[in-house]
There are 2 protein chains.
Amino acid sequence: MPSKLCARHTKKQPCTCGMGNLYRFVEPLILHLLAIKGSACGYALLADLEAHALTDAAIDKAALYRTLRHLEANGKVQSAWETDGGGPARRVYTLTRDGEEHLEEWAAVLEHLAQAMDRFVRAVRKPKRRHTRPRSRAAIASPSKKSRNVR
Amino acid sequence: MPSKLCARHTKKQPCTCGMGNLYRFVEPLILHLLAIKGSACGYALLADLEAHALTDAAIDKAALYRTLRHLEANGKVQSAWETDGGGPARRVYTLTRDGEEHLEEWAAVLEHLAQAMDRFVRAVRKPKRRHTRPRSRAAIASPSKKSRNVR
DNA sequence: CGATCTAGATGCGTTGAACATCTAGATGAG
DNA sequence: CTCATCTAGATGTTCAACGCATCTAGATCG
């Protein structure tokens, strides 16, 4: 996810930039499931994803498989074909060390985001402070000094 | 946002389906800012958005203006040109009643999402329960009974 | 044999994201 | 006066993601 390295923020702390809400949080879910299951093929993950999903949005098969390949391409997971045991061959995935770290990063990002969202929700629900009368033109025109370089 | 009405869920509760994390949460932020400011033009919102943003991702001018037009097209905000006071004409936006309700919906959605993310983060950080040895083939093949219709 | 289940993958049309660019009035410096 | 800058809004383009449909193919079972 931070494959693009996020030019804007040179912060140490992982940021939400590079991820663009990638894949509807499918990525961290997969990493987490692999972490607790040890290993699994895509099809097996599908059922668990439904149960653990962060949102009530259904998870697309295609998104799952594509995300797995994407994770593998970035070295977050490894896969190996498993043909024994009947049925079509399964591509069985396991987390790499890199993947474990990636999951931690995701946790940090989501933790921040959750807190921010929580603050936002409470701000929205805060007993409506009656808003100041339509402010003067000047107040609107120059919101603050540090809004110079708004790009 | 639930303009597509979300065919999948006929739940009463607002869901995250229709929104696809639309516009990086710019939409609810705009609604909220308009709610507390009473009214504002896009340019004035820009500065406040930086301060209130949910993520550390910078907010794109283009995204802001387009979101405003989108909100207006859906009746969530109203706008009027304001030419007095010097400078180029400003399109000044105000929330509609519909927009106020929309903000409430967003609050509900974000509240749920924040809780889900919080649970997820805690699950990830939970003291690693040593995962069971590579489970039997059967256990992998049929994850659960209710995974029949995984689409 | 044919239907169904398991498992993975691909194709495509639409939409969103990131970034650059453009118009144009107002203002201020030289 | 002229040029640069600021304010304000809008558009265009490219690329990635999303949603949905479809496809292959082995295994299994009636």
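Letters A, B, ... are given to chains in the order of the sequence lines, protein chains preceding strands, and every chain is numbered from 1.
- A donor-acceptor pair under 3.5 Å is absent between the side-chain atoms of His32(A) and the main chain of Pro28(A), judged by distance alone.
- Between Asp48(B) and the options Ile30(B), Leu33(B), Ile36(B), Leu29(B), a side-chain contact (heavy atoms from CB on, under 4.5 Å) holds for only Leu33(B).
- Residue Pro88(A) places its side chain closer to dG26(D) than to any other of dA24(C), dG26(D), dG9(D).
- Between Arg91(A) and dA9(C), a side-chain N or O to OP1/OP2 separation shorter than 4.0 Å is present.
- For the pair His70(B) NE2 and dT15(C) P, the interatomic distance rounds to 11 Å; values are reported in whole Å.
- What you find for Leu64(B) and Gly42(B) is that their closest heavy atoms are CD2-O, 3.3 Å.
- Nearest heavy-atom pair, Trp106(B) versus Leu31(B), reported as atom, atom and distance to 0.1 Å: CD1-CD1, 4.0 Å.
- At whole-Å resolution of the value, CG in Leu45(A) and C1' in dG8(C) are 13 Å apart.
- Among the nucleotides dA10(D), dG8(C), dG25(C), the one closest to the side chain of Trp81(A) is dG8(C).
- In the set dA9(C), dT6(C), dG9(D), dT6(C) carries the atom at the smallest distance from any side-chain atom of Tyr43(A).
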If you restrict it to nitrogen or oxygen atoms, what contacts under 3.5 Å exist between nucleotides 12-15 of chain D and the protein, and what is each distance?
| residue | atom | partner | partner atom | Å |
| --- | --- | --- | --- | --- |
| dG12(D) | O6 | Arg66(B) | NH2 | 2.3 |

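- One N or O on the side chain of Arg90(A) and one on the backbone of Asp84(A) form a donor-acceptor pair closer than 3.5 Å.
- Legend: residues meeting side-chain hydrogen bond (donor to acceptor under 3.5 Å, both in side chains) with Glu72(B), ordered by chain and number and at least two apart, are Ser79(B).
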Working for side chain to side chain contact (heavy atoms under 4.5 Å, CB included), residues Leu110(A) and Val124(B): CA-CA 11 Å; Leu110(A) 293 182; Val124(B) 167; over 6 Å; no
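- Rounded to an integer number of Å, the gap from CD of Glu82(A) to P of dG26(D) is 18 Å.
- To the nearest angstrom, P of dA8(D) lies 12 Å from CG of Asp84(B).
- Relative to the axis of its first five pairs, the axis of the last five pairs of the helix from dC1(C)-dG30(D) to dG30(C)-dC1(D) sits at 10°, rounded to 10 degrees.
- Of the inter-residue distances, the one linking Phe120(B) atom CZ with Leu113(B) atom CG reads 12.0 Å to the nearest 0.5 angstrom.
- Distance Leu46(A) CG to dG8(C) P: 10 Å, rounded to the nearest Å.
- Taking atom CG of residue Leu68(B) and atom P of nucleotide dT11(D), one finds them 13 Å apart after rounding to whole Å.
- Proximity of Tyr65(A) to the phosphate of dG8(C): a side-chain N or O atom is located under 4.0 Å from OP1 or OP2.
- Distances shorter than 4.0 Å separate none of the side-chain N or O atoms of Arg90(A) from OP1 or OP2 on dG8(C).
- With salt bridges taken as basic N to acidic carboxylate O contacts below 4.0 Å, none links Lys76(A) and Glu27(A).
- For Gln115(B), the CD atom sits in a packed shell: over 12 heavy atoms of surrounding residues, nucleotides or ligands are nearer than 6.0 Å.
- Regarding Lys61(B), its NZ atom lies at a distance of 12 Å from the C1' atom of dT23(C), rounded to whole Å.
- The side chain of Tyr93(A) has dA9(C) as its nearest neighbour among dA9(C), dA10(D), dT6(C).
- Arg69(A) has its CZ atom 18 Å from the C1' atom of dA16(D), to the nearest Å.
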